[in-house]
Amino acid sequence: MRESARATQALWLAGLATVTVWGCGSGASAPGAGSPAPEGGEWERVVYGIDVVDQDGIPFHHPFLGGLNLPRPQLQDVDGDGDLDLFVQELSNQVMLFENVGGETGDGYRWRTDHFESLPIGEWFRFTDVDLDGDLDLLAEHPFSYIRFYRNEGGPGSAARYALGADTLRDVTGKALFSDRQNIPNATDIDCDGALDLMIGRLTGTITRYEAEGVDADGVPQFRFVTDNFEDIEIVAAIQGSLHGANTMALGDVDGDGDEDLFWGDFFEAGLLFIENTGSCERPVLRGQPQPFPPANPVSTSGYNAPALGDLDLDGDLDLVMGVLGGAFNPNRTTVENLYRIEQQSDGSFDITTSRLLRMVDVGSESLPAFADLDGDGDADLLLSNKIEPDDPQAGRIYVFENVGTPSAPSFHKRAAVDGLVPSYHYAPAFGDLDGDGDDDVLMGGWRDELAYYRNDGDGMPPTWTLVDSALVKLTRGRNVTPALADLDGDGDLDLMAGEASGALNYYRNDGGPESPRFELVSDEFDDIDVGRRSTPTFADLDGDGLSDLVIGSESSGLTAYRRLSDSRPQFEPMNAPPVGLPAFSTPAFVDLDGNGTLDLVSGGSGGGLVVFLRR
């Protein structure tokens, strides 16, 4: 790399570093790096630094990214160092950046930020050279269904810098161009005449083509309508012969013959369709029958596959990254296996090298963590549940990650799922000694309105839990019950606070004593607390006064916290929650991961993975 490029890259990364500490999905807004955290200490997001391996001992290289369910990838050399960096959109209005630090191998990505340049990109984004100046500009959705344009002001071979060029692209009459927001368009000079062609897939399975013609007063290209039936392409669904729906396109010279070929992913298509350009650069011809791709081993997913083209291994030909957004073929089964790398070989064939390009802790969707010393070795092991198992629609699972490290340097090894549980979705365990024998038993929530009680009958892996009562507690209303245990009235036994789908809290006093729990309902609207939907309570001493404060996750409102005021009654007042951004369906758990005497924050969420914030 040239020295100037290195210097530019260093400056670019230095600027980027200010936005990588706090960002994580949607939910509670987060202060900038350096803002003081309430109640003392600062919270730092970590993706790396804690070892986690799967059941075969293979590392999760990006363990705490939070999971991906509908990744929309794009590739471009954003830092000007000569290799392709990876961008992934998982959530509306923000895009993650993974710097390529692997050089020619193309697979050494490193997370840098969840919200690249804080750009609002709506439901989709696309890198392409809009002004044909040699660098990649950015097209994105401007709500609702228009096409926003960001100009790259970095220049060819330099780090990209994006500035808004126009809220929406327009035609030569000044009319805003419309793209169905379910569809991801593309742009290229399809006929090699030096003017950009904008290609918009329609819900009818056809393609609308516009061609750039002049610029407006701000230097933004304007577009002339060409046709609503580009090359007479009309994609027909495999389901009942209906026309296709939501779609995405990628264009590139895949076969190296000098013209642009077409890839089409679709909601009603389990595979990825390829249409070869059999014409020339000046006279494109894309009228052949769409073919499943790759030809020798076509991908088959839950549908709506979003490809991005680029030379990943720097060998001079085009490869693919493909995200699975989930379509008509059971999207739940691709909540983990959904980011493909497809490499072109020297003979022109294509191999699928992975369906998990970014390996992270990910159990599907709506994950919920809990910590307990399952094997009695003095450190906290991790349990992680999901909404529903990707390969089994009949139930969810709880996976065990054994801590094989130390209390101050954890290292987690994924084990098998917990066996012997009453079948359920949304398992939600709470740990506490309910029978007075000195070890932690389990009060288990789930998607129903009941809490099951499991007695712990021994330390070890896997844990030995015996069902005592499948419905020890039944809510008066609501489902998706999530329990938390703490001695709230100072009588020496564990009381129960239960969240549920409505967002309220249910308080049950334990009138049975420390050896035989009997939970009596005190209030199913405790303190009139309502976090919107899907309340997930937990207890943690955030202010260091020796009393367990109440922290509540939610579907879309981030964290809410209440300071405990008394050790003899359940009396709370509002307090500042940890100032961190969490994903939707946040499920907070607090544990001292780094052994520094302060509680760190671990949360699951909609993506099915984990996000971790250490308290420094």
Side-chain angles (χ1 to χ4, degrees), residues 17 19-28 30-31 33 37 39 41-54 59-68 90-91 96 98 109-115 358-373 379-386 399-414 536 538 540 542 551 553 558-559 561 577-616:
V19 298
T20 59
V21 175
W22 298 97
C24 178
S26 61
E39 318 305 337
E42 296 210 12
W43 300 86
E44 176 189 359
R45 183 182 176 192
V46 296
V47 171
Y48 311 106
I50 299 174
D51 293 334
V52 188
V53 302
D54 67 12
F60 292 103
H61 296 299
H62 316 271
F64 303 122
L65 279 177
L68 296 173
E90 171 74 6
L91 303 172
M96 294 182 282
F98 298 86
Y109 297 109
R110 194 77 172 174
W111 175 85
R112 295 305 184 197
T113 179
D114 276 336
H115 200 173
L358 300 172
R359 281 181 52 80
M360 68 196 79
V361 175
D362 191 345
V363 294
S365 62
E366 295 185 31
S367 50
L368 186 149
F371 289 89
D373 184 6
D379 53 33
D381 305 298
L382 165 67
L383 294 98
L384 187 63
S385 67
N386 55 18
Y399 286 94
V400 174
F401 291 77
E402 181 183 1
N403 188 347
V404 296
T406 68
S408 59
S411 177
F412 294 99
H413 193 136
K414 186 180 180 182
T536 306
T538 190
L542 295 183
V551 184
L559 294 183
V580 299
L582 294 183
F585 296 94
S586 57
T587 53
F590 291 87
V591 62
D592 185 3
L593 285 174
D594 52 9
N596 69 348
T598 62
L599 292 177
D600 307 303
L601 170 60
V602 180
S603 180
S606 57
L610 291 173
V611 292
V612 173
F613 292 84
L614 298 182
R615 195 173 188 182
R616 303 300 193 182

pair [X]-[Y]: side-chain heavy atoms closer than 4.5 Å:
| X | Y | value |
| --- | --- | --- |
| Phe412 | Val361 | no |
| Leu542 | Pro578 | yes |
| Lys414 | Leu384 | no |

Any chance you could measure [X], atom [atom1], to [Y], atom [atom2], to the nearest 0.5 Å?
| X | Y | atom1 | atom2 | answer |
| --- | --- | --- | --- | --- |
| Trp111 | Leu65 | CH2 | CG | 8.0 Å |
| Leu601 | Arg615 | CG | CZ | 10.0 Å |
| Tyr109 | Met96 | OH | CE | 13.5 Å |
| Leu368 | Leu383 | CG | CG | 10.0 Å |
| Leu358 | Leu68 | CG | CG | 6.5 Å |
| Leu593 | Asn596 | CG | CG | 9.5 Å |

I need the minimum non-hydrogen distance between [X] and [Y], along with the two atoms involved.
| X | Y | result |
| --- | --- | --- |
| Gly604 | Pro583 | O-CG, 3.7 Å |
| Val551 | Pro588 | CG1-CG, 4.4 Å |
| Val363 | Ser385 | CG2-O, 3.7 Å |
| Ala589 | Pro369 | CB-O, 3.9 Å |
| Ala540 | Leu599 | CB-CD1, 3.8 Å |
| Asp379 | Gly405 | OD2-O, 3.2 Å |

*Would you mind listing every side-chain hydrogen bond (donor to acceptor under 3.5 Å, both in side chains) that reaches into residues 581-592, with sequence neighbours excluded?*
none
*asked:* Show every side-chain hydrogen bond (donor to acceptor under 3.5 Å, both in side chains) that has at least one partner inside residues 359-369, sequence neighbours left out.
replied: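 For residues 359-369: Asp54-Arg359, Glu366-Arg534.
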*Does any pair with a residue in residues 594-609 pass salt bridge (charged side-chain N to carboxylate O under 4.0 Å, His left out), and if so which ones, sequence neighbours excluded?*
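Non-adjacent pairs meeting salt bridge (charged side-chain N to carboxylate O under 4.0 Å, His left out): Asp594-Arg616.
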*Assign the ring pair Trp43 / Phe590 to parallel, tilted or perpendicular, where the plane angle (0 to 90°) is split at 30° and 60°.*
perpendicular
_Can you list everything that forms a side chain to side chain contact (heavy atoms under 4.5 Å, CB included) with Ser411? Sequence neighbours excluded, please._
Asp51, Val404
*Which residues share a side chain to side chain donor-acceptor pair (under 3.5 Å) with Asp373, sequence neighbours left out*: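 Asp373: no side chain to side chain donor-acceptor pair (under 3.5 Å) contacts found.
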Just distance, no hydrogens or angles: give the donor-acceptor pairs under 3.5 Å from side chains in residues 605-614, sequence neighbours left out.
none

*For Glu402, which residues count as a salt bridge (charged side-chain N to carboxylate O under 4.0 Å, His left out) partner, sequence neighbours excluded?*
Arg415
*Looking at His62 versus Tyr48, is the centre-to-centre ring distance below 6.0 Å?*
yes
